[in-house]
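This report refers to the structure that appears directly beneath it.
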Amino acid sequence: MKKFLKHITYGLFFFVLINLLIVLKYEYPAYEAIKNKTHKNYLKWNSIHTNKNTYDLIILGSSRCYTGFNPKVIDSGLSIESFNMGTSAQDIAESYYSLVEILEYQKPKYVVLGTFLNLSDDTHDYYQIFSNASFFKSSKNKFDLVTDGYGSEGIANYLIPLMKFNNYIKQDLMSVFSNKPEKTPETDWYKGFLKETAIISQAQIEALKPIPNFSNTAFNKERFKTFLNKIYDLTKEKGIKLIVLRTPYPPSRLKLSDNTDEESFYKTYLNNYKDVDYYDLNNYKAEVFKYEDSDFSDYHHANIEGAYKMSQQLVDIIKTNSN
């Protein structure tokens, strides 16, 4: 019995030690960035919390949104103040709880939600999700995001670093045996928007894969509907216009398949909401806003040229909607 307890004790000790080392490896850089006031999520939430009742338009969504919507273009076109609250891998539940937090400090007229199938599946990047939520001032909002948004799996990932950083550990181990260049730090931010200057290469274009659809993506329709309804109810309660957008892809990628799962699902489902506008930026006034592969930095992120077109589309949508 003593030997068994000894093994258990050693096992717990090494488990705790491994998790502490993981925290030092992956959390310390974020701690340094926060201390130096360079952490992107810290800067975003600091703007929301300190500039109370400033922003007329809030953008929610993933990195496809924070590289895609330029507040400078939007503000100039609409004579308003906008802010881009897109964050890395922002899940539909994370969008909802972020909005709850935002509306405690802001009174926007518009909320723009960027979405695509991968953001409503059952695979979550808990590191990015909890990094974002760590800057909520409301403990209740943070608790609700972890428990109600992600359940027991969310709680386990919140408490155990080894689980939360599992994919990052795998990527780092794989990089030891590959020659992948290190990513350049993202530093060129404006009101939550990342000015991405890279242009997709010909080699990247040739390696493109078909866009998300129901056969290659584990899209959870019920999860999407649950949290879209919550976002809808909250915006309606506050008298906010909700605009849902499908962000664009490089034209060469769209041509790889004639599958319309993603486009058709959102278009059909959002028709159930009479006071919610849905637009697919891949084809919204395509004769005016024509995308080229050179408008993208990779397989689905717009660069600064693509962001200008996306932002102009949003300006046009809101102007058309208000007339």
Side-chain angles (χ1 to χ4, degrees), residues 23 27 30 34 39-53 55 58-63 65-66 83-108 110-116 118-167 192 218-240 242 244 269 273 276:
V23 168
E27 295 281 16
I34 293 167
H39 192 288
K40 62 185 179 184
N41 289 345
Y42 164 81
L43 295 172
K44 284 173 182 268
W45 282 107
N46 187 57
S47 292
I48 292 295
H49 291 142
T50 59
N51 299 314
K52 197 167 183 181
N53 298 331
Y55 303 116
I58 298 289
I59 295 159
L60 295 171
S62 69
S63 55
C65 286
Y66 75 59
F83 197 86
N84 194 325
M85 278 303 293
T87 55
S88 297
Q90 189 177 113
D91 172 70
I92 187 71
E94 185 185 355
S95 295
Y96 168 68
Y97 289 105
S98 294
L99 183 58
V100 172
E101 175 79 9
I102 289 166
L103 294 185
E104 293 180 9
Y105 297 87
Q106 303 295 328
K107 295 180 179 178
Y110 304 95
V111 165
V112 176
L113 175 66
T115 188
F116 66 111
N118 300 80
L119 299 184
S120 303
D121 59 20
D122 293 319
T123 302
H124 311 300
D125 188 335
Y126 286 107
Y127 169 61
Q128 298 293 350
I129 292 167
F130 296 151
S131 170
N132 186 29
S134 69
F135 298 103
F136 290 4
K137 283 193 174 181
S138 168
S139 298
K140 181 182 184 305
N141 292 342
K142 189 186 302 183
F143 179 81
D144 289 346
L145 177 142
V146 174
T147 58
D148 297 341
Y150 302 95
S152 58
E153 184 180 315
I155 295 169
N157 276 270
Y158 187 79
L159 295 174
I160 304 172
L162 182 59
M163 292 181 66
K164 181 170 65 174
F165 291 107
N166 181 42
N167 287 333
F219 179 65
N220 187 327
K221 294 181 184 179
E222 292 308 311
R223 180 175 178 78
F224 173 79
K225 292 176 181 179
T226 295
F227 286 101
L228 192 281
N229 284 339
K230 287 178 179 287
I231 292 170
Y232 170 74
D233 289 342
L234 183 56
T235 53
K236 190 169 184 179
E237 176 192 336
K238 301 290 186 181
I240 300 167
L242 177 60
V244 182
Y269 180 72
Y273 299 85
V276 174

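The analysis underlying the following values was restricted to heavy atoms, covering all of them including side chains, and did not include hydrogens, waters or symmetry mates.
- A side-chain donor-acceptor contact under 3.5 Å links Ser95 to the backbone of Asp91.
- Between the side chain of Lys44 and the main chain of Asn84, a donor-acceptor pair closer than 3.5 Å is present.
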Inset, instruction - Under the side chain to side chain contact (heavy atoms under 4.5 Å, CB included) rule, what do Phe130 and Lys142 come out as? Steps first, then yes or no, please. - result: CA-CA 9 Å; Phe130 296 151; Lys142 189 186 302 183; over 6 Å; no

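- Of all heavy-atom pairs spanning Glu94 and Ala89, the tightest one is OE1-O, 3.8 Å.
- Residues that satisfy the side chain to side chain contact (heavy atoms under 4.5 Å, CB included) test with Asn220, not counting sequence neighbours, are Asp122, Glu222, Arg223.
- When the side chain to side chain contact (heavy atoms under 4.5 Å, CB included) test is applied to Tyr269, the partners found at least two apart in sequence or on another chain are Phe224, Lys225, Leu228, Asn229, Phe265, Asn272, Tyr273.
- Here CZ of Phe116 is found 4.0 Å from CG of Leu119. Values are rounded to the nearest 0.5 Å.
- With values rounded to the nearest 0.5 angstrom, Thr115 atom OG1 is found 11.0 Å from Leu60 atom CG.
- To the nearest 0.5 Å, the span separating NZ on Lys221 from OG on Ser120 amounts to 12.0 Å.
- A side-chain donor-acceptor contact under 3.5 Å links Gln106 to the backbone of Asn51.
- For the side chain to side chain donor-acceptor pair (under 3.5 Å) test, no residue two or more places apart in sequence or in another chain qualifies with Ser62.
- Counting heavy atoms from C-beta outward, Ile129 and Leu145 have side chains that approach closer than 4.5 Å.
- Under the side chain to side chain contact (heavy atoms under 4.5 Å, CB included) criterion, Thr235 pairs with Leu99, Val111, Ile231, Ile240, Leu242, sequence neighbours left out.
- Listed by chain and number, the residues in a ring-ring contact (aromatic ring centres under 6.0 Å, His included) with Tyr42 amount to none (sequence neighbours excluded).
- The minimum heavy-atom distance linking Leu103 with Pro108 is given by the pair CD2-CD, 3.6 Å.
- For Ser47, the side chain to side chain donor-acceptor pair (under 3.5 Å) criterion is met by no residue, not counting sequence neighbours.
- For Asn157, there are no side chain to side chain donor-acceptor pair (under 3.5 Å) partners at least two apart in sequence or on another chain.
- The stretch residues 131-140 participates, sequence neighbours left out, in these salt bridge (charged side-chain N to carboxylate O under 4.0 Å, His left out) pairs: Lys140-Asp144.
- Among residues at least two apart or in separate chains, ring-ring contact (aromatic ring centres under 6.0 Å, His included) pairs with a member in residues 83-105 are His49-Tyr105, Tyr55-Phe83.
- Evaluation of the ring-ring contact (aromatic ring centres under 6.0 Å, His included) rule for His124 yields Tyr126, Tyr150 as partners, not counting sequence neighbours.
- Residues Gln90 and Cys65 fail the side-chain proximity criterion, which asks for heavy atoms closer than 4.5 Å.
- Residue Gly86 comes nearest to Tyr66 through the heavy atom pair O-CD2, 3.4 Å, listed as atom of the first residue, atom of the second, then distance.
- Considering only heavy atoms from C-beta on, Phe135 comes within 4.5 Å of His39 through its side chain.
- Taking Asn141 as the reference, Val100, Glu101, Glu104, Phe136, Ser138 meet the side chain to side chain contact (heavy atoms under 4.5 Å, CB included) condition, with sequence neighbours excluded.
- Contacts of Ser98 classified as side chain to side chain donor-acceptor pair (under 3.5 Å), with partners at least two apart in sequence or in another chain: Asn132.
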